[in-house]
Protein chains: 2
Amino acid sequence: SCHSLVVEDIFLQREQNLGREGGREWLVYDWGCRYVSKAAAKPQVEFDYDGPSMKTTVPGPRSKELMKQLGQIQNTGAINFFCNYEESKGNYLVDVDGNRMLDIYTQISSIPIGYNHPALLKVMANPNNLSTFVNRPALGILPPENFPDKITESLLSVAPSGMTRVQTMSCGACSNENAYKAIFIWYRNKERGQNTPTNEELNTSMINQAPGCPELSILSFMGGFHGRTLGCLATTHSKAIHKLDIPSFDWPVAPFPRLQYPLDEFTRENAEEEARCLEEVEDLIVKWRQKGKPVAGIVIEPIQAEGGDNHASPDFFRRLRNIARKHGCAFHVDEVQTGGGGTGKFWAHEHWGMDDPADIVSFSKKLLSGGYYHKDELQPDKPYRIFNTWMGDPSKNLFLSEVLNVIRRENLLEEVTRSGKALLNGLYELQAQYPSILSRARGQGTFCAIDAFDDATRDRILLKARDKGVLLGGCGDRSIRFRPALVFKEYHVNLFLNIFNDVLAQHK
Amino acid sequence: SCHSLVVEDIFLQREQNLGREGGREWLVYDWGCRYVSKAAAKPQVEFDYDGPSMKTTVPGPRSKELMKQLGQIQNTGAINFFCNYEESKGNYLVDVDGNRMLDIYTQISSIPIGYNHPALLKVMANPNNLSTFVNRPALGILPPENFPDKITESLLSVAPSGMTRVQTMSCGACSNENAYKAIFIWYRNKERGQNTPTNEELNTSMINQAPGCPELSILSFMGGFHGRTLGCLATTHSKAIHKLDIPSFDWPVAPFPRLQYPLDEFTRENAEEEARCLEEVEDLIVKWRQKGKPVAGIVIEPIQAEGGDNHASPDFFRRLRNIARKHGCAFHVDEVQTGGGGTGKFWAHEHWGMDDPADIVSFSKKLLSGGYYHKDELQPDKPYRIFNTWMGDPSKNLFLSEVLNVIRRENLLEEVTRSGKALLNGLYELQAQYPSILSRARGQGTFCAIDAFDDATRDRILLKARDKGVLLGGCGDRSIRFRPALVFKEYHVNLFLNIFNDVLAQHK
């Protein structure tokens with residue numbers, strides 16, 4: 001659930017050489033309107049800018065200066081540029097050189113309702129909220145008085161179907177790590193038939209040995225991304241640079257369907273591909289059980305995000321969920337990147353149309369801090385098994401409550417559906433217009449992607465678009481991913497399509 | 001680096017039955033002054049209360065009501081009571097039943113300068129800081145303009161000796177997970193002799209197999225605690241309940257010295273014990289190398305905290321650091337609980353008096369968010385190897401800057417040294433007075449502990465003290481740990497000793 005404008009590449013380190021050294025400093029870019037289908041409408045909201053405004057190539061001189069300064073303290077190879085968050089507003093991110101960019105990547109998909117949203121500034125202005133920011137509690141032992149009400153009105157108000165329990169955590173990786181732990185505990189209690197471990201289990205657990213630390217596994221999918229801590233990393237398979245040199249677990253990795261787009265033109269081929277993957281999932285479950293490393297849980301993203309925006313059909317997920325049920329594995333849907341409304345529904349798994357979509361659903365990013373929902377039976381049987389010092393942050397939950405209010409008040413999920421349709425149609429048109437550059441446009445809501453001819457082309461397009469005032473992200477080996485905030489409207493789509501068309505026209 | 005008032009117990013679940021059902025509601029407790037040695041002086045600071053004030057037993061009726069409510073959403077077995085953070089001030093935590101308690105545990109050691117410190121409220125009142133709270137950036141790709149300056153003036157101004165680089169993270173577990181990753185990457189690059197991996201390494205890493213995911217190990221110590229995510233958990237060995245049922249790595253676990261206290265009365269015995277442990281460390285390093293799972297790093301706490309406040313001499317750490325150097329293992333000092341001033345120095349390892357104390361030092365808790373310092377050579381060789389979406393939180397760093405200002409302005413490390421001396425002397429006197437109840441008083445600064453006769457005694461004392469207005473923590477199997485804020489002064493010590501004496505007198 002990660003990544004950046006310029007995709008990481010362990011061999012070439014192209015990001016050092018590409019585009020950053022262009023000399024067009026202080027040149028105001030004229031972002032023309034040559035995209036044919038629609039004119040960009042006027043913005044309706046007072047807290048948004050009316051378009052990009054570029055003064056330098058990006059990164060500009062001030063960003064370069066700061067990179068040098070930070071380079072003495074940290075590896076800065078992934079840094080795109082430095083930002084002026086005071087001046088950033090709505091869908092626009094302003095950098096330290098005064099460049100104002102339409103942000104369609106939003107801090108790796110984690111800014112839900114744009115920059116400096118007035119509703120969130122109001123939360124800060126309320127003196128009743130002060131102490132929530134100043135005193136961070138250890139939520140597991142000493143929660144604030146309003147904690148049950150606050151998570152009821154925020155997190156539980158958007159709980160996935162069938163789930164009435166939520167565990168807060170600080171970030172996406174910790175959410176998945178603890179979700180896996182909850183799965184292992186649940187699985188072993190099932191195996192034991194009760195909750196009381198043997199002395200041998202207790203003693204061996206202290207020195208990392210079985211049976212106390214059993215050889216259970218989590219089945220994940222090639223191309224999946226679930227985080228970068230050691231447990232999460234054992235289920236992440238998007239790029240070698242995440243995993244190289246880090247010890248891991250011998251856990252099974254199933255193929256994720258490689259579908260042909262547009263989905264409705266390849267129904268038969270895609271169904272066959274999905275059937276092949278599902279068959280392999282069952283084979284792996286059996287094989288790993290025989291190896292003495294039973295699959296306690298299956299983890300999957302509704303749309304593989306960091307791995308290249310790979311989709312699968314609702315039917316695939318329904319059948320996968322049944323396989324999990326049949327083999328007694330917990331079904332864990334990782335909505336860290338897909339959750340929070342970007343697909344046009346609050347959870348991407350709602351598109352599957354199921355009453356019982358999962359046993360456990362993790363989140364972070366647009367929800368401003370992490371955690372997971374789970375069914376009653378995955379409740380840890382004892383205190384302190386799922387536990388740490390902070391277990392989330394009530395100040396982030398305060399913001400989340402307000403974000404949810406804004407989503408409801410402004411019908412933002414409908415907006416996303418509308419903008420998403422416009423975006424995807426625009427991408428279809430562009431790939432028809434530039435078939436040698438673009439292909440495989442796909443998406444749900446504004447959670448869209450399109451493939452470039454190859455990685456070098458993709459990276460050039462991303463940098464060119466950035467210099468023209470549009471921030472996009474890469475994913476997979478040659479995809480461009482779109483992750484705008486929920487306040488990204490149709491006129492932003494048109495504004496983007498105009499600029500993108502310019503970029504492609506010049507590229508061609 | 002964790003834990004609670006009532007220690008977790010997988011077998012008995014005593015916390016359900018002990019003390020919580022007492023019926024003394026709305027009874028104001030008269031906290032007398034029978035402790036002989038010193039009278040409690042008057043508080044000097046306007047933002048502190050002048051003593052505990054108890055209205056009910058704890059948890060009171062309102063807390064119980066809220067526990068029931070939250071119990072429908074989460075496992076509440078670890079919750080002590082619900083808090084009123086608005087009313088809490090300085091060293092005093094106020095609960096939802098109006099009980100005001102002297103807090104000597106401070107959210108598992110994570111509140112550095114007390115509740116609602118005016119300096120931190122001022123940070124909130126400054127409109128220039130608003131956008132830092134409202135817009136959380138993905139620090140690794142789009143840092144704010146002031147990020148280099150801010151971490152220079154905060155984190156780097158307290159950098160451990162020999163370290164000029166710091167990596168921010170969100171919490172303690174993520175800090176250690178990523179520190180381990182940095183160690184593995186550094187170790188493998190050393191083994192390869194350069195930074196370019198083979199194709200076989202790249203391909204095998206994608207499916208969790210060696211050589212891409214090598215069988216490297218981290219050596220840790222029995223009784224150590226380094227977090228609860230799967231990587232951290234493989235180095236945590238304090239209690240079975242943390243580890244049971246969770247798959248782990250076959251990593252070596254060395255004995256941590258079990259010293260006799262007071263340390264200066266058992267110099268010879270303790271030196272022998274330390275020598276025995278160091279010898280075993282070297283044996284394990286050799287053995288694991290022979291097993292094909294070389295030790296890439298050694299991780300240790302300067303004082304084992306969650307595991308029972310176990311100390312070792314500066315000589316032990318100096319010799320251990322040399323062993324690490326000799327065998328080419330990174331030396332990782334986990335200061336998540338010991339860091340931030342509680343021992344009277346900002347870092348506990350400063351007590352060792354070394355110019356080159358470690359290769360990597362992790363922190364969290366009192367530093368308000370997580371991260372680790374490291375030597376230049378542990379810098380990841382490529383971007384995106386140590387990376388995630390948020391990589392910390394600039395709003396926490398804003399508070400940390402101010403916390404460090406307060407520490408300097410008010411000479412809080414001197415205060416801690418002074419209060420710590422008073423506290424430890426008081427504990428010595430009490431263990432002399434109640435030898436059948438207390439033993440092994442020990443500590444550095446206010447980072448102190450004392451053992452009770454057994455776990456049941458310890459738990460009863462903790463609950464009794466709480467009902468009399470003093471919040472303490474348990475650790476190990478029968479220790480009481482003291483983790484006050486840095487604003488805990490000598491008069492707070494005396495106030496505590498008076499109450500504690502009452503508890504012990506009644507217990508006797």
Side-chain angles (χ1 to χ4, degrees), chain A residues 4 8 69-70 73 75 77-78 80 82-86 96 107-108 115 120 124 130-131 134-135 137-138 140-142 144-145 148 165 170-171 177 181 184-185 188 197 202 205-208 212-213 216 228-231 234 237 240-241 243-248 253 379-380 383-384 388-389, chain B residues 4 8 69-70 73 75 77-78 80 82-83 85-86 96 107-108 115 120 124 130-131 134-135 137-138 140-145 148 165 170-171 177 181 184-185 188 197 202 205-208 212-213 216 228-231 234 237 240-241 243-248 253 379-380 383-384 388-389:
Chain A
S4 105
E8 60 270 33
Q69 193 188 335
L70 189 62
I73 302 167
N75 184 324
N80 285 277
F82 283 78
C83 305
N84 181 337
Y85 288 104
E86 288 73 31
V96 291
Q107 310 295 322
I108 318 177
Y115 296 100
L120 301 187
M124 293 290 301
L130 274 185
S131 97
V134 168
N135 310 294
I141 57 171
L142 296 164
E145 177 162 21
R165 305 184 82 84
S170 292
C171 69
E177 288 273 342
K181 286 174 61 178
F184 293 131
I185 292 167
R188 283 294 295 137
L202 292 169
S205 77
M206 293 294 279
I207 49 167
N208 303 0
C213 294
L216 297 176
R228 293 158 170 274
T229 47
L230 269 67
H237 317 277
I241 197 165
K243 294 175 65 74
L244 182 72
D245 299 341
I246 316 298
S248 196
V253 190
Q379 160 105 339
Y384 299 106
N388 59 51
T389 297
Chain B
S4 110
E8 59 270 32
Q69 193 188 334
L70 189 60
I73 304 167
N75 184 325
N80 286 278
F82 284 76
C83 305
Y85 288 104
E86 286 74 30
V96 291
Q107 310 295 321
I108 317 178
Y115 296 99
L120 301 187
M124 292 291 300
L130 275 183
S131 97
V134 168
N135 309 294
I141 56 170
L142 297 164
E145 177 161 22
R165 306 184 82 84
S170 292
C171 70
E177 288 274 342
K181 285 175 61 178
F184 292 131
I185 292 167
R188 282 294 294 137
L202 292 169
S205 78
M206 292 295 279
I207 50 167
N208 302 0
C213 295
L216 297 175
R228 294 159 171 273
T229 47
L230 270 67
H237 317 278
I241 196 165
K243 293 175 65 74
L244 182 73
D245 298 342
I246 317 299
S248 196
V253 191
Q379 160 104 338
Y384 299 105
N388 58 52
T389 297

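Counting heavy-atom pairs closer than 4.5 Å to chain A, the top-ranked of the candidates B:V96, B:V253, B:N75, B:L130 is B:N75. Heavy-atom pairs under 4.5 Å with chain A were tallied for B:P247, B:A138, B:A234; the largest tally goes to B:P247. For the options B:I185, B:I207, B:L120, B:V134, heavy-atom pairs under 4.5 Å to chain A are most numerous at B:V134. The choice from B:G231, B:S170, B:P137 that makes the most heavy-atom pairs within less than 4.5 Å of chain A is B:P137. When each of A:L216, A:L70, A:I73 is checked for heavy-atom pairs under 4.5 Å with chain B, A:I73 comes out on top. For the options A:Q69, A:M124, A:R165, A:K243, heavy-atom pairs under 4.5 Å to chain B are most numerous at A:R165.
For B:E86 (side chain) and A:S131 (main-chain N/O), no donor-acceptor pair under 3.5 Å exists by modelled atom type.
Looking at A:Q379, only its side chain comes within 4.5 Å of chain B, counting heavy atoms on both sides.
To the nearest 0.5 Å, the span separating CG on B:D245 from SG on A:C213 amounts to 8.5 Å. Atom CG of residue B:L244 and atom CG of residue A:L202 lie 6.0 Å apart, to the nearest 0.5 angstrom. Atom CD1 of B:I246 is separated from atom CZ of B:R228 by 10.5 Å, given to the nearest 0.5 angstrom. Taken to the nearest 0.5 Å, the CG atom of A:N84 stands 10.5 Å off from the CG atom of B:N135. For the atom pair CG of B:L142 and SG of A:C83, the computed distance is 4.5 Å after rounding to the nearest 0.5 Å.
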